[in-house]
Number of protein chains: 2
Amino acid sequence: MPLLIPKDKMKKADKVPIDQSTEEKIKRAAEKVFLEKGYSASRTKDIAEEAGINLALLNYYFRSKENLYIIIMMEKLEVFFDVIIKTLTDNTIPFEQKLTVLVNKYTDLLIHEPNLPLFLLSETHKNPDFFASKLNIKARLREAINIQPFLDGKNQEEGLQLLLSFLGLTLFPFIVRQGFSGLFDLSEEQFERIIEKRREFVPKLMVELFDKMQK
Amino acid sequence: MPLLIPKDKMKKADKVPIDQSTEEKIKRAAEKVFLEKGYSASRTKDIAEEAGINLALLNYYFRSKENLYIIIMMEKLEVFFDVIIKTLTDNTIPFEQKLTVLVNKYTDLLIHEPNLPLFLLSETHKNPDFFASKLNIKARLREAINIQPFLDGKNQEEGLQLLLSFLGLTLFPFIVRQGFSGLFDLSEEQFERIIEKRREFVPKLMVELFDKMQK
DNA sequence: GTCTATAGCGAGATAGAC
DNA sequence: GTCTATCTCGCTATAGAC
C-alpha cells in the first residue's frame, strides 16, 4: 500500500503530518506559545492544551519548562542564523547577488514565521548568554562575514555599518509588523504588498550606500 | 540659604534629586526593572528593592503590579512617539531638515534609554490594545504624517515604505544593540562610534531613496 | 506512555501594628 | 506613610494508578 504513494506526496505528508510523535507535538506547541508570549508569560498548561496532551506528559518528555524552552530557542537561533551564514558562505552565488538572495530568503522565512525576530531579540536580551551556549553561531557568522570580498579595503567598522543598515532595511518591517499595521490600519494584504516591493529596492539601495562608502 | 544656589544648579538638582517622593522613587525603579525584563519576568519585590522601600508600600501607592506597569508603559509610549510627532508637526523646521533632526533626536534619546524600543515592541506585541487605550497617539501620529509635503503626489503605500526604511535605518541598531555587540565583541565605545556616523549618512541615504521613488 | 490528583513553592496582595 | 507578618492563588513539577 505505501508503495503506491508517489514520493513527492510522501514528502508533503512529512511536512504536515497527520500523526506526529507526541514529543514533536509538544515541541511545535511550545514553539507557538513561546514565540507569541516569551518564556515568562508562557504557561506550560497552555502548551499542553495546544498540543492536545496532558500537562504531566510535558514533564515526562522534557523534564521542565526551562528545558523545553532552551530546546526551542536553540532551534530558532539555528533557523534564523542559518539563512545568513549559509548564503554568505555559498560559493555558487555570485557576490553581487547575495544581498538579493538574503532579502528574499528572510522575507520568505518571516512571512511564515512573523514572530521569529522579535522573539529572538527580546528573549536573548533577557538572557544574553544564550549566544554563549550557541558558540558555534558566533564563530560561524563571523567567519562567513570575514570571507566576503566587499570587506577588502574596509575596516571592520564599515563592514558592520553596512550589515546594520542591510539588516535594518530587511528585518525591521517584520519586527514592527504588528504595531505598524495597527497604527495605520493595514490589512495583511497591504502589509505584504509593501514587503514584496522591498525585495527589489533594498538591494538597490544598499548598492548606493556601498558606493558612497567607497569614497 | 536656598537663595544662594544659582538657578542652573537648582535645575540640575531637579533632574537628579537627592530626595524624590516615594511615589516617584517607585516609578523610576519600576521603569528600570520593567524595561529590562518586561512585565511577566519582573518581580514587584525587585522593584521595591530597587526603590529602597518595602514591598507593601508599592501596593499602597499603586494598588497592583499591573496598574504600576500601565502607568510606566503610557509614559514610555508618550516619550517615544512625542519625538516623531513633535518633529513632524514643528513648522519652524524646514522640511528638508526633518530627517536629520529625527535621526539626531532618536539617537540622543536611545543612547540614554537603550532598552526603550525593544521594550515597547515586545510588550505591545504581547498586549496589542495598549495602542487602543492610547488612541491619541495613533491619531496624532497619522495627522503628523499626513501633513508632510513629501507625501504630495505619493500614495499612502509609498509614504509608509519610506517611513519603514527610515525608522529601520535609525532604530534597528538600537534594537539589536545587545546581541549585535555580543556577536562582534564590540565595546560600548565602538558601538557608539558606529551610531554617531549614522546621524549623517542615514538622512543622505534617505534622499537617494526618495529620489528613486520619484521616478 | 498517558492520565488524575496533589504536593510545593513563589509571587502578588492585604491586615494590622507603629 | 511605612513596616512585618501572613494569606491566597496560580503555576510547575511529581507521585502513582492504569
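Chain A is the first sequence line, chain B the second, and so forth, proteins listed ahead of strands; every chain is numbered from 1.
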Taking only side-chain N and O atoms of B:Lys45, does any of them lie within less than 4.0 angstrom of OP1 or OP2 on C:dA11?
no
Could you tell me the separation between the [atom1] atom of [X] and the [atom2] atom of [N], rounded to a whole number of Å?
{"X": "B:Asn54", "N": "D:dT6", "atom1": "CG", "atom2": "C1'", "answer": "13 Å"}
{"X": "B:Glu23", "N": "D:dG1", "atom1": "CD", "atom2": "P", "answer": "9 Å"}
{"X": "A:Glu49", "N": "D:dT12", "atom1": "CD", "atom2": "C1'", "answer": "16 Å"}
{"X": "B:Gln20", "N": "D:dG1", "atom1": "CD", "atom2": "C1'", "answer": "17 Å"}
{"X": "B:Lys65", "N": "D:dG10", "atom1": "NZ", "atom2": "C1'", "answer": "13 Å"}

Between A:Arg142 (side chain only) and B:Leu183 (backbone N and O only), is there a donor and an acceptor less than 3.5 Å apart? yes
Side-chain atoms of B:Leu55 come closest, of D:dA15, C:dA13, D:dA13, to C:dA13
Among the nucleotides D:dT2, C:dC3, C:dG12, whichever has the atom closest to the side chain of B:Thr44 is C:dG12
Indicate yes or no: does [X] engage [Y] in a salt bridge with an N to O separation below 4.0 Å.
{"X": "A:Glu157", "Y": "B:Lys197", "value": "yes"}
{"X": "B:Lys138", "Y": "A:Asp185", "value": "yes"}
{"X": "B:Glu23", "Y": "B:Arg28", "value": "no"}

Sorted by number, residues from residues 30-43 of chain B placing a heavy atom under 4.0 Å from DNA chain C are B:Ser42, B:Arg43
task = Kindly indicate whether a cation-pi arrangement holds for B:Lys65 with B:Tyr39, taking the cut-offs as under 6.0 Å to the six-membered ring centre and within 45° of the axis.
result = yes
Under 30°, 30 to 60°, or over 60°: which ring-plane class applies to A:Tyr106 and A:Phe80, parallel, tilted or perpendicular? tilted
(Q) Please determine whether salt bridge (Lys or Arg N to Asp or Glu O under 4.0 Å) holds for the pair A:Arg140 and A:Glu78, giving the CA-CA distance in whole Å, both sets of side-chain angles, and the decisive distance to 0.1 Å. (A) CA-CA 11 Å; A:Arg140 282 161 61 211; A:Glu78 198 67 30; 3.1 Å; yes
So, with a heavy-atom separation below 4.0 Å from DNA chain D, the residues of residues 57-64 of chain B are B:Leu57, B:Tyr60, B:Tyr61
NZ (B:Lys76) and CD1 (B:Ile71) are apart, to the nearest 0.5 Å, by 13.5 Å
